[in-house]
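The next block holds one structure in the form of structure tokens; read it before the comments.
A note on names: the letters A, B, ... follow the listed sequences, proteins ahead of strands, and every chain is numbered from 1. Everything quoted here is computed from the prediction, not taken from an experiment.
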Amino acid sequence: MEKISVNKFYKPEEIEEKLTKKWEREKIYSLKSDKSDPKYYVLEMFPYPSGEPHMGHARNYIIGDVIAKVLSRKGYNILHPIGFDAFGLPAENAAIKNGMHPRESTMANIDRMRKALKRIGMSYDFDDEIITSDPDYYKWTQWFFLMFYKMGMAEKKEAPVNWCNSCQTVLANEQVISGRCERCDSLVGKRILSQWFLKISGYAQRLLDDMKLLKEGWPERVLTIQRNWIGRSEGAMVDFKLSGSEGISIPVFTTRPDTLFGVTFFILAPEHPLVDKIVESEDYKKEIEKVKNIISGQSDIERGSAEIEKIGCFTGRYVINTLNGREVPVWIANYVLLEYGTGAIMAVPAHDQRDFEFASKYGIPIIEVISPDGESHRKRSAAYSGEGIMINSGKFSGTSSEKGRKDVTSYLEEKGIGKFYVNYKLRDWLISRQRYWGAPIPIIYCEECGIVPVPEKDLPVLLPYDVDFKPKGLSPLFYCDGFVNTTCPQCGGKAKRETDTMDTFVCSSWYFLRYCSPHNDKAAFDSKEVDYWMPVDQYVGGIEHASMHLIYARFFIKVLYDSGLLKFKEPFIKYFPHGIVYLGGQKMSKSKGNIVNPSEIYNKYGADALRLYILFMGPADSPVEWSDSGVEGANRFLNRVWRLVIKNIELIDNIKSTHNERNDPEYPGKDIKDKFKNMKLSRLEMELYRKLHQTIKKVTNDILVRFNFNTAISAVMELVNLIYKYQEEVPDSKKNTSLVKELTWKLLILLSPITPFIAEELWLKAGNTGSIHRVRWPDYDPEIAREELVTIVFQVNGKLRDRMDLPVDTPAEEIKKHVLSSEKVKHYTDGKEIIKEIVVPNKLVNIVVKS
RNA sequence: GCCCGAGUGGCGGAAUUGGUAGACGCAACGGACUUAAAAUCCGUUGAGGUUUUGCCUCGUGCCGGUUCGAUUCCGGCCUCGGGCACCA
């Protein structure tokens with residue numbers, strides 16, 4: 001037990017360092033209790049160890065930590081783990097820059113990060129941390145890859161892929177943001193390469209359908225991002241026969257089968273493999289080569305912008321629109337993309353703006369087939385893409401466009417030339433990377449046997465240490481003979497290893513499973529533990545992962561569910577995206593130089609002030625502007641709490657020895673409520689007692705239900721302000737020490753998840769033993785929290801004219817009496833006819849008069 | 001272009017179910033304490049008006065509607081942020 005000494009001043013630097021050690025010694029960081037308690041899995045997205053944690057990290061982890069700490073105190077068995085997403089480009093680029101080996105650099109960064117996390121009082125059990133670049137971990141990442149491979153969910157295929165010239169590697173679609181590399185921001189080009197993909201596109205519909213399981217726990221805006229990314233659209237797949245070549249037909253996807261009669265030409269993407277096959281005449285071949293050259297010189301961004309001029313050329317061939325037997329010319333054009341749909345389109349210039357511009361430029365006929373009013377409009381200056389009535393459409397003329405889509409589709413199905421079709425924008429997930437710092441893809445290429453998966457018993461395929469890891473277009477492992485050359489596990493003959501490594505998003509798609517049994521060396525995870533802990537109850541992390549990690553992880557879990565390994569379909573029941581921290585109106589970032597490092601703050605004011613301010617600065621899910629004076633305010637509040645509590649402790653100690661008859665040395669009392677009932681409390685004391693219970697109610701609800709940490713803190717501030725009022729207005733000899741004790745203890749408990757250090761220090765200073773972080777979270781008594789008096793607002797015609805404090809639940813008739821006798825109200829109602837009197841119990845009265 | 005958010009004092013924000021707009025904090029100003037400063041404490045702080053210790057009018061992006069009553073609900077617009085995007 002520590003005794004009160006000279007402690008007039010709050011010195012965070014002294015107490016925080018001391019308590020960090022105490023907590024580590026006493027294992028206060030682990031919030032696991034007992035499997036008989038209800039479980040709760042709180043998880044924050046684990047960090048890339050690219051250096052010291054930044055403010056965004058701090059916000060993320062502090063939010064998760066407060067939730068975990070409160071729930072643990074409410075009797076939950078809490079899993080609140082930490083680890084490091086250690087493979088990948090950021091770590092590797094940083095290593096190259098520093099001239100260090102990625103492993104050393106990563107481990108050094110992890111060390112700094114771990115220290116910082118401990119320093120800000122996070123409740124992580126570091127004995128259970130995981131590092132994805134450890135062979136113990138990536139062995140199982142490789143194991144999952146093999147599982148996907150065996151299920152037919154991983155495949156090597158040739159496709160146009162995104163190539164980042166600066167990172168010297170391919171990227172997944174999700175890692176290309178507006179045509180630029182997610183990591184280095186340089187322009188991304190296209191290459192046709194043979195790469196490994198995970199077949200996420202087959203799960204598009206399931207990813208959409210299962211969103212209904214997330215409706216409660218995920219913000220709508222995140223689901224919208226995913227919905228947009230998956231990009232479902234309904235329509236028809238229609239076959240167009242190539243004229244003059246028996247048996248060749250080209251399918252196209254359209255969302256508007258109702259416009260089929262308006263097709264006047266047909267376009268293939270310039271890269272479409274059919275282009276070279278179908279062009280016969282040498283003249284056309286030359287012309288096409290010319291146009292293709294121009295188009296391939298256009299970057300993806302250029303081609304993706306609507307402003308760029310549409311160019312193309314005729315191929316000399318025709319296709320037949322089976323619906324009306326019309327023969328239409330086949331063109332190539334820059335605005336048709338190989339990746340989307342079938343890489344070919346039917347062009348309807350009257351009803352598609354792009355087709356309209358193209359047809360106008362090249363003099364292709366325009367036939368109107370949808371009319372808003374059923375009339376034919378000879379000339380238009382733009383395409384009409386709205387709904388209307390089908391015209392010039394044979395037997396379908398007169399049908400509404402909505403109905404026409406269905407009717408035409410049925411007709412196509414009957415005739416066997418088309419079918420209802422759902423198209424998705426979601427592409428397969430490209431996971432190979434031509435970089436060193438990642439988990440090697442466990443595949444062997446044998447001259448005899450072809451692609452051979454590495455047998456499970458040979459895992460992990462170790463990433464060799466001694467490699468020239470600088471990116472050079474091909475994986476650095478390709479130049480590492482000791483790694484590449486191997487023998488075929490099937491025939492024993494000479495073979496070569498796959499030298500690409502896996503996208504780090506593969507590592508992070510299952511880490512939350514590993515946390516359930518982090519030391520298991522027999523399997524990726526222990527099913528019993530996963531069945532107990534998973535799914536994650538509360539996930540916290542940046543929204544920038546909405547269409548990356550959060551989609552990949554959902555997909556991964558669905559595949560594992562299908563394989564029978566898991567019993568749940570969604571990994572994260574609730575997801576809370578924290579807002580970005582800004583400085584000077586811009587997102588804090590190293591490259592812009594507008595950084596406030598959390599360490600600057602905790603070195604100056606202490607971790608508690610950092611935590612308090614981060615939570616107080618605004619709603620946790622909205623972006624906030626960093627303010628230095630805001631931190632000072634937080635620090636001022638903590639000083640205020642410190643002085644208040646120290647004074648209260650002294651008061652309690654002094655009066656204990658003078659046998660004040662109102663003093664009750666027992667704490668916690670068996671039945672606090674009865675105790676106070678039998679005591680005569682002054683008006684202010686009653687108010688304080690009530691405020692305490694209201695505060696407990698509000699803080700608990702704001703943290704656990706509303707995620708409004710800022711209002712939870714302002715409620716505690718109000719309580720502190722009121723206790724100060726008591727301390728200053730009432731002489732010590734007249735103070736009720738039982739109440740002071742009750743207020744002081746509970747104030748500290750309410751603060752303890754938010755500002756763990758100061759709460760613990762004051763708790764100990766007051767003579768308590770153990771740790772405040774093991775004390776049960778207080779309940780509130782609704783009866784005590786209930787106000788006795790309530791301000792009733794008197795309105796006339798909806799305008800506030802007077803108000804009065806009346807006992808709660810005063811009957812309507814009595815309130816009305818007060819209202820009608822109010823001079824102020826009379827002033828507005830005298831001589832006027834009262835039409836209506838509205839009485840809202842405990843709120844207001846509104847007198848409606850004729851004016 | 002389509003989809004999702006948001007818009008409240010000098011600033012961050014609060015108002016949880018349609019019922020007192022501006023809680024809590026920051027900044028600013030005035031005062032107390034001090035030789036002085038820091039720290040601390042007290043007071044003022046949406047705008048305008050006024051017969052000034054009280055009261056009145058206006059006020060939650062803009063216009064309109066529903067309602068006894070709207071920051072909150074509905075319709076239309078504006079601005080900002082975000083997602084998708086020559087996506088067929």
Starting at the 5' end of RNA chain B, which residue's closest nucleotide do you reach first, A:V336 or A:S627? A:S627
Taking the six-membered ring where the residue is Trp, are the ring centres of A:Y552 and A:W429 under 6.0 Å apart? yes
Which nucleotide, if any, forms a Watson-Crick or G-U wobble pair with B:C58, using both distances under 3.5 Å? B:G46
Mind telling me whether B:G9 is syn or anti, cutoff 90° either side of 0? syn
Pick the P atom in B:A47 and in B:G10, then give their distance to the nearest Å. 7 Å
When you measure from the side chain of A:W229, which nucleotide among B:C3, B:A85, B:G19 comes out closest? B:A85
Return the orientation label for the A:F358 and A:F265 ring planes: parallel under 30°, perpendicular over 60°, tilted otherwise. parallel
So which nucleotide does B:G7 pair with, by the Watson-Crick or G-U wobble rule with both distances under 3.5 Å? B:C78
Check: A:V825 main-chain N/O paired with A:S822 side-chain donor or acceptor under 3.5 Å: yes
Would you mind pulling out the nucleotide paired to B:U66, Watson-Crick or G-U wobble, both distances under 3.5 Å? none
Nearest to the A:R803 side chain among B:U20, B:A88, B:U16, which nucleotide is it? B:U20
Across all strands shown, which nucleotide pairs with B:U72 by Watson-Crick or G-U wobble geometry, both distances under 3.5 Å? none
Distance check, P atoms only: B:U45 and B:G22, in whole angstrom units. 12 Å
Consider the side chain of A:L337, meaning its heavy atoms from C-beta on, and name the nucleotide among B:C24, B:C41, B:C86 that approaches it most closely. B:C86
With respect to the side chain of A:E220, which nucleotide from B:C84, B:C4, B:A15 is positioned closest? B:C4
Tell me whether the rings of A:Y613 and A:W626 are parallel (<30°), tilted (30 to 60°) or perpendicular (>60°). perpendicular
Closest nucleotide of RNA chain B for A:K799 versus for A:I345: which of these residues is on the 5' side? A:K799
Tell me which nucleotide among B:C24, B:C42, B:C87 gets nearest to the side chain of A:K425. B:C87
With the side chain of A:I225 defined as its heavy atoms from C-beta on, choose the nearest nucleotide among B:U16, B:A88, B:G83. B:G83
Per A:M717 side chain, nearest of listed nucleotides B:A88, B:C55, B:G25: B:G25
Between B:C86, B:C84, B:A27, spot the one nearest the side chain of A:R636, thanks. B:A27
Taking the six-membered ring of A:Y582, is the NZ or CZ of A:K587 close enough (under 6.0 Å from the centre) and on axis enough (within 45°)? no
Whole-Å distance between B:G82 C1' and A:K587 NZ? 12 Å
Taking a pair as Watson-Crick or G-U wobble with both distances under 3.5 Å, which nucleotide is matched to B:C2? B:G83
Among B:G83, B:A27, B:C68, which nucleotide sits nearest the side chain of A:N228? B:G83
Quick note, A:L800 side chain, CB onward, closest among B:A21, B:C3, B:U16 is B:A21
